[in-house]
2 protein chains.
Amino acid sequence: MITLDDVAQKAGVSASTVSRVLNNTGRVSDKVREHVKNVIEAMGYQPNSNARALASKRTEVVGLVTPNISLSFNSVLASGVSELVQQRNYKMLVTNSYNDKRNEINAINSFRAQGLENILVHSHALSDRELVALATDIKGLVVINRFIKKIAHRCVWLDNVEAGKVAAEYCLNRGHTKIAMMMHKHQSNDDKRRIEGITLALNEKGLSVNPDAILYGKGGEDLGRKLAKQLIESELEYTTVIAYNDLIAAGALNEFQDQGIRVPEDVSIIGFDNLFICTLTRPSLTTIHHPICEMAKYAANLSINLVDAETETNKDTHLFLPTLVERDSVYAIQ
Amino acid sequence: MITLDDVAQKAGVSASTVSRVLNNTGRVSDKVREHVKNVIEAMGYQPNSNARALASKRTEVVGLVTPNISLSFNSVLASGVSELVQQRNYKMLVTNSYNDKRNEINAINSFRAQGLENILVHSHALSDRELVALATDIKGLVVINRFIKKIAHRCVWLDNVEAGKVAAEYCLNRGHTKIAMMMHKHQSNDDKRRIEGITLALNEKGLSVNPDAILYGKGGEDLGRKLAKQLIESELEYTTVIAYNDLIAAGALNEFQDQGIRVPEDVSIIGFDNLFICTLTRPSLTTIHHPICEMAKYAANLSINLVDAETETNKDTHLFLPTLVERDSVYAIQ
DNA sequence: CTGAAAGCGCTTACAG
DNA sequence: CTGAAAGCGCTTACAG
């Protein structure tokens with residue numbers, strides 16, 4: 001391994017100077033700078049990032065804690081972070097939390113033990129108050145996909161009320177008034193906000209949500225299948241179901257069809273997220289696009305700026321808007 | 001931030017001793033060990049991993065470079081690595097290469113700049129010779145999903161010949177003799193090996209592969225659709241298509257059906273990988289299971305052991321076997 | 001503009 | 001079994 005001292009010696013300058021050209025900091029004459037750069041290039045020198053981190057007290061790494069990177073939503077999120085991070089010459093550390101609070105905390109602590117302040121959390125397990133406490137402690141902590149008022153400028157979130165509204169309005173416009181929902185409960189209360197939006201849209205038309213038609217559970221495709229069964233066996237009236245995410249929607253879609261119920265002719269389904277699977281199902285899935293990749297990039301960038309004192313801290317709120325993507329799973333009754 | 005010296009002072013011992021109990025190294029009396037542990041616990045001390053890495057010249061991090069973590073195959077791979085890594089108290093750094101050779105090399109170099117030797121590469125862009133050179137340089141480099149003879153004990157790979165054979169035999173057993181293939185070309189030559197396996201199976205029955213029926217291209221679902229169109233417009237005879245992966249298979253499956261060609265009655269399709277999408281398509285996708293998660297865990301573990309001198313170096317070859325997962329996309333002609 | 005020196009928070013021979 | 005000291009490879013005031 002070749003060190004900064006080796007470079008300094010070879011270039012006939014001091015370590016300080018090499019460090020300065022490396023970091024583009026302090027004044028160095030153009031001549032010397034050029035020369036040192038050449039030597040660095042020639043020797044193929046790469047600074048040791050541990051030494052650097054130790055001495056400067058900052059690491060060029062962002063840590064991501066997310067439920068489970070093998071799930072599409074999470075992997076798209078991670079990919080967004082990865083892209084921005086590579087662009088800014090940072091690295092990305094990833095930890096799966098499996099939605100377990102202890103894991104989330106451990107992951108964050110282990111990042112901090114490294115002096116790492118750029119931490120992105122996509123958490124369903126920690127409470128608002130816990131996240132607020134962490135954010136106060138950790139300058140670069142950014143919460144993805146969740147809104148917490150007290151740390152609004154550290155949250156990169158989606159307008160879930162609007163999302164619910166958009167979904168419901170689309171259904172209403174196509175003649176659907178009896179809406180069932182398949183929801184997944186989380187600390188983040190996404191589900192509640194979406195239901196709120198759906199309620200708003202219905203109320204505007206003088207209609208209301210049937211609380212019995214809001215089904216809950218845990219899972220993905222399997223949950224969709226399970227709740228579809230539940231719906232089929234129930235006495236509920238519904239012409240469309242709004243699902244918490246695309247996986248649940250896809251599961252439901254298949255269960256309905258496997259039981260001889262046509263989608264969308266007999267029952268319509270609308271998903272959420274706009275994952276790649278939406279074009280794979282038959283019928284393809286109409287869904288709400290969740291700009292998770294953009295949000296991830298934005299969050300990573302925000303976190304880096306937050307820690308990097310030179311950049312002005314952004315006190316804005318970071319809100320993203322959902323959009324409807326029309327495909328074939330919602331029937332036009334009229 | 002609280003340091004090792006703080007702990008030492010509080011405990012009334014030297015830094016060396018604290019370090020020893022931290023690392024479970026050297027002799028420390030039970031009494032002192034106990035006491036120091038208590039102080040550590042009480043103070044909530046966490047060692048700085050940068051300092052540790054710098055002093056000891058080893059980092060407890062494994063770096064993964066993979067084409068694109070937003071794709072399911074890659075994310076399952078990453079998830080496997082993540083799981084093992086968490087288990088062994090390591091962390092995982094991830095970089096997307098987008099199948100670009102420069103990116104792969106840069107990622108590896110940036111890992112090394114950190115003194116990181118535990119590097120896992122899932123590469124389609126680097127040549128065998130380049131990987132061999134890297135492996136010689138980097139003690140803990142492990143190649144996932146590719147076999148290179150010269151560094152056989154550093155490769156964790158799947159028997160692709162067997163995979164092709166299994167797929168073809170399954171088709172043959174169901175009465176299919178005219179097999180088309182949708183392949184994706186890579187440096188790794190997976191495609192060639194699978195074709196070899198398919199050829200083997202056909203030859204055993206006195207049949208042979210029609211080279212014109214081997215279609216190539218780049219992409220996922222879109223490629224499947226494109227090649228399906230190509231197949232439909234061609235004069236080729238085929239009753240089944242073996243796809244390079246599930247995404248391609250799913251795309252083809254939908255294209256056929258969208259054009260009124262029934263799957264599997266008119267044409268059968270067999271995928272590869274056994275991703276979660278296999279149960280989402282209609283018909284569900286018969287496929288070859290690729291134990292990528294297990295392979296990822298195995299590879300991560302191998303890499304750690306390779307670097308960790310205390311563990312004996314494993315000179316074995318690390319071969320995994322594919323298995324067929326039967327679903328609904330292959331028709332029994334007889 | 002440039003260099004000498006101290007320091008970042010650990011680990012690890014070396015003594016004892 | 002335990003401690004003092006040097007060193008890991010950088011950065012960053014501090015002088016000049």
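Predicted model only: the values in this text are computed from it and were never measured. Numbers restart at 1 for each chain; the letters A, B, ... are given by sequence-line order, proteins then strands.
- In this model, the phosphate group of D:dC10 is not approached by any side-chain N or O of A:N50 to a distance below 4.0 Å at OP1 or OP2.
- The separation between B:D5 atom CG and C:dT11 atom P is 11 Å, rounded to whole Å.
- Annotation: of the two residues near DNA chain D, B:D30 and A:I2, the 5′-most nearest-nucleotide partner is B:D30.
- Atoms NZ (A:K31) and C1' (C:dT2) sit 14 Å apart, rounded to a whole Å.
- Between A:V28 and B:M1, it is A:V28 whose nearest contact on DNA chain C lies nearer the 5' terminus.
- You'll find that the side chain of B:L54 is closest to D:dC8, out of C:dC10, D:dA4, D:dC8.
- If you check the side chains of A:N96 and A:T66, you find no donor sitting under 3.5 Å from an acceptor.
- Neither OP1 nor OP2 of D:dT12 sits under 4.0 Å from any side-chain N or O of A:R52.
- For the pair B:T17 and D:dT2, the criterion of a side-chain N or O lying under 4.0 Å from OP1 or OP2 is not met.
- Atom CZ of A:R33 and atom C1' of C:dT2 are 13 Å apart (whole Å).
- For D:dC8, neither phosphate oxygen OP1 nor OP2 lies less than 4.0 angstrom from any side-chain nitrogen or oxygen of B:S56.
- The environment of B:K10 atom NZ is sparse: at most 12 non-hydrogen atoms of other residues, nucleotides or ligands sit within 6.0 angstrom.
- With distances taken from any side-chain atom of A:V13 to the nucleotides C:dC14, C:dG3, C:dG7, the minimum falls on C:dG3.
- Phosphate proximity of D:dA4 to B:S16: absent, as no side-chain N or O sits under 4.0 Å from OP1 or OP2.
- Between B:Y45 and the phosphate of C:dC10, there is a side-chain N or O to OP1/OP2 separation shorter than 4.0 Å.
- When rounded to the nearest whole Å, the span between CG of A:L4 and P of D:dC8 equals 13 Å.
- For B:R27 and D:dC1, the shortest distance from a side-chain N or O to OP1 or OP2 is below 4.0 Å.
- Checking C:dG3 for Watson-Crick or G-U wobble geometry (two distances, each under 3.5 Å) identifies D:dC14 as its partner.
- B:N24 places its CG atom 13 Å from the P atom of D:dC1, with the value rounded to the nearest Å.
- Put simply, the side chain of A:Y98 does not reach to within 4.5 Å of the side chain of A:P67, judged on heavy atoms.
- The phosphate of D:dC8 has neither OP1 nor OP2 within less than 4.0 Å of any side-chain N or O from A:N48.
- The side chain of A:S19 places an N or O atom within less than 4.0 Å of a non-bridging phosphate oxygen (OP1 or OP2) of D:dT11.
- When distances are taken from the side chain of A:A55 to each of D:dT12, C:dG3, C:dG7, the shortest belongs to C:dG7.
- Shown are A:V13, A:D5, A:T3; of these, the side chain to side chain contact (heavy atoms under 4.5 Å, CB included) with A:V18 is made only by A:V13.
- A donor-acceptor contact closer than 3.5 angstrom links the side chains of A:S14 and A:T17.
- If you measure from atom CD of A:Q114 to atom C1' of C:dC10, you get 14 Å, rounded to the nearest angstrom.
- With 3.5 Å as the limit, one finds a donor-acceptor pair spanning the side chains of B:Q114 and A:K91.
- Between B:K57 and C:dT12 there is no side-chain N or O to OP1 or OP2 distance below 4.0 Å.
- One finds a side-chain N or O of A:S14 lying less than 4.0 angstrom from the OP1 or OP2 phosphate oxygen of C:dG3.
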